[in-house]
Amino acid sequence: MPDRKAPGGFLICELGRIVSVTDAAPEGLNVIEGRYIAPGYVDLHVHGGDGADYMDGNVEAVRIANRAHSRRGTTTIFPTTTTGTTAELGAMIAACRDAQESWTAQDGGRIAGVHYYGPYFAEDKVGCHPSAGRRDPKREEYERFLATGMIKIATCAAELEGAEEFYRAAAEAGCLVTCGHSNSTWTEMQRAYEAGMRHVDHFWCAMSSVASLRAKYGTPMQASMEQFVLANPEMSTEVIADGCHLSPELLEFAYRMKGAARLCLVTDANRALGMPPGKYRFGHLDTGSWFESDGQVGFVAGQGLASSVVGMDTMVRVMKRDTSASLEDVIRMASLTPAERAGVSDEVGSLEVGKRADVIVLDEILNVQRVYLGGERID
Ligand SMILES: [Zn+2]
Ligand SMILES: [Zn+2]
């Protein structure tokens with residue numbers, strides 16, 4: 001439930017919707033005992049899985065990645081772009097639209113919109129992404145993409161030339177507006193906030209800190225993205241709770257500071273999810289940058305981590321194991337909170353009457369046992 005567990009509850013779904021949540025046993029239904037029924041997970045930030053990256057730019061790659069994530073409990077997904085050419089970005093958005101229009105439950109997690117994440121990253125915070133495909137916001141480029149109606153989450157580094165115009169256009173288009181891969185100051189964040197920015201991508205990863213700004217500007221030391229997010233109750237953020245990116249103390253700190261209504265779990269998973277350890281490309285199959293996976297996390301030797309290779313089921317288990325958050329708060333951070341931030345909580349994100357019957361069944365240790373999309377059980 002949005003704010004509590006309901007022991008011994010019954011959930012009744014008809015024609016793809018939740019029609020009743022009750023503690024009176026209805027007759028003639030299959031009863032599942034010793035398990036949890038939870039809302040399907042909502043992933044705001046995800047690049048791929050099972051060998052496919054959304055930037056591959058074809059419908060089959062989109063479906064492969066969506067299926068990989070639905071097996072791990074994600075029923076609503078926001079395929080995420082990385083840096084690349086305008087043509088590569090256009091192909092990715094078109095492939096997601098085709099997959100969305102032709103969707104059936106066996107295609108896996110349902111696309112609620114594209115997260116337009118790359119290419120507007122800061123040069124000094126581009127991380128593992130292909131740096132040739134990084135650029136400042138180009139109005140003719142993003143206006144065309146926003147006009148498709150597919151983009152529901154939009155990222156840009158706040159210090160870039162043209163960032164505020166981008167934020168205003170994205171907010172106008174109804175997007176969750178976010179700042180990421182950025183070395184911006186509090187002052188730049190304040191201007192971004194006034195232009196509609198309300199969220200920061202993967203907290204502590206590829207973002208500014210007091211130390212990074214001191215290295216850039218010297219003293220007096222300045223407040224960074226971190227302080228801005230922690231000091232502003234309206235700002236939300238997300239953590240990669242795979243046990244590799246952030247220590248238990250940082251996960252606990254983020255949860256205590258922001259609370260379950262402003263902290264999202266994201267996978268940020270790349271194409272190496274579900275694949276054996278080895279070398280893979282981040283982004284497009286032919287032009288993406290190389291990274292390695294050891295089966296636990298992605299990394300570039302001598303450089304740092306390169307996003308996760310596990311699903312939302314793992315993020316939920318790690319958050320529960322490593323923090324003081326209750327089970328209902330952990331589930332909220334993987335479902336209702338991201339749904340609210342992305343503007344889809346009328347439809348999905350919790351077990352409430354009228355919402356889509358996107359439902360998962362978990363065992364006692366939070367492994368995903370069954371997944372229902374619109375009431376239809378998937379293999
Ligand atoms: Zn990133
Ligand atoms: Zn990412």
Side-chain angles (χ1 to χ4, degrees), residues 42-49 52-56 61-62 65 68-69 74 77-84 88-89 92 96 113-131 133-135 151-160 176-184 197 199-209 212 225-226 229 236-242 244-246 250 254 264-273 280-284 288-293 297-300 303-312 314-315 338 341-342:
V42 178
D43 196 352
L44 300 180
H45 186 159
V46 49
H47 298 281
D53 189 305
Y54 294 109
M55 289 296 287
D56 293 346
V62 173
H69 284 276
T74 298
I77 200 157
F78 290 85
T80 300
T81 63
T82 178
T83 57
E88 285 169 352
L89 292 161
M92 184 277 195
C96 288
V114 166
H115 181 167
Y116 190 69
Y117 178 62
Y120 308 143
F121 293 165
E123 209 154 11
D124 52 344
K125 289 288 182 189
V126 79
C128 67
H129 299 280
S131 60
R134 182 222 77 83
R135 56 192 162 275
I151 296 171
K152 300 297 178 200
I153 306 173
T155 290
C156 178
E159 68 271 44
L160 298 183
L176 168 65
V177 180
T178 159
C179 175
H181 285 266
S182 165
N183 200 15
S184 56
M197 185 275 303
H199 184 92
V200 162
D201 301 280
H202 46 43
F203 211 55
W204 289 300
C205 303
M207 66 178 236
S208 61
S209 64
S212 79
M225 292 167 74
E226 181 179 5
V229 170
S236 56
T237 188
E238 60 195 41
V239 283
I240 307 172
D242 63 350
C244 298
H245 280 75
L246 303 171
L250 283 179
C264 304
L265 302 186
V266 295
T267 66
D268 195 10
N270 59 47
R271 72 166 85 236
L273 170 141
Y280 297 92
R281 278 196 200 264
F282 209 112
H284 191 277
S289 50
W290 290 100
F291 70 94
E292 282 178 75
S293 165
V297 71
F299 62 95
V300 178
Q303 208 182 306
L305 296 184
S307 91
S308 102
V309 300
V310 294
M312 197 65 97
T314 302
M315 308 296 166
R341 299 310 284 170

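In listed order, ligands and their atoms are each counted from 1. This chain uses plain numbering: 1 for the first residue, then up along the sequence. Given the structure is predicted, the values throughout are model-derived calculations rather than measurements.
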Engineer: Checking Ala68 now: which residues fulfil side-chain contact (heavy atoms from CB on, under 4.5 Å) with it, not counting sequence neighbours?
Structural biologist: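 Once residues adjacent in sequence are excluded, the partners of Ala68 under the side-chain contact (heavy atoms from CB on, under 4.5 Å) criterion are Asp50, Arg71, Arg72, Leu273.
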
Engineer: Under the side-chain hydrogen bond (donor to acceptor under 3.5 Å, both in side chains) test, which residues partner His245, sequence neighbours left out?
Structural biologist: Asp242

Engineer: Are a donor atom and an acceptor atom from the side chains of Asp43 and Thr74 found within less than 3.5 Å of each other?
Structural biologist: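 No, no side-chain donor-acceptor contact under 3.5 Å.
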
Engineer: Working note: His199 + Cys264, criterion side chain to side chain contact (heavy atoms under 4.5 Å, CB included); need CA distance, chi angles, decisive distance, verdict.
Structural biologist: CA-CA 10 Å; His199 184 92; Cys264 304; 4.2 Å; yes

Engineer: Who are the side-chain hydrogen bond (donor to acceptor under 3.5 Å, both in side chains) partners of Ser212, not counting sequence neighbours?
Structural biologist: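 Ser212 satisfies side-chain hydrogen bond (donor to acceptor under 3.5 Å, both in side chains) with Asn183 only.
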
Engineer: Do the side-chain N and O atoms of Tyr117 and His181 include a donor-acceptor pair separated by under 3.5 angstrom?
Structural biologist: yes

Engineer: Just give me the atom name: the N, O or S atom of His47 closest to the Zn ion (ligand 2).
Structural biologist: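 Within His47, restricted to N, O or S, the Zn ion (ligand 2) is closest to atom NE2.
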
Engineer: Everything protein-side that's N, O or S and under 2.8 Å from the Zn ion (ligand 1): list it, residue and atom.
Structural biologist: Tyr117 OH, His181 NE2, His202 NE2

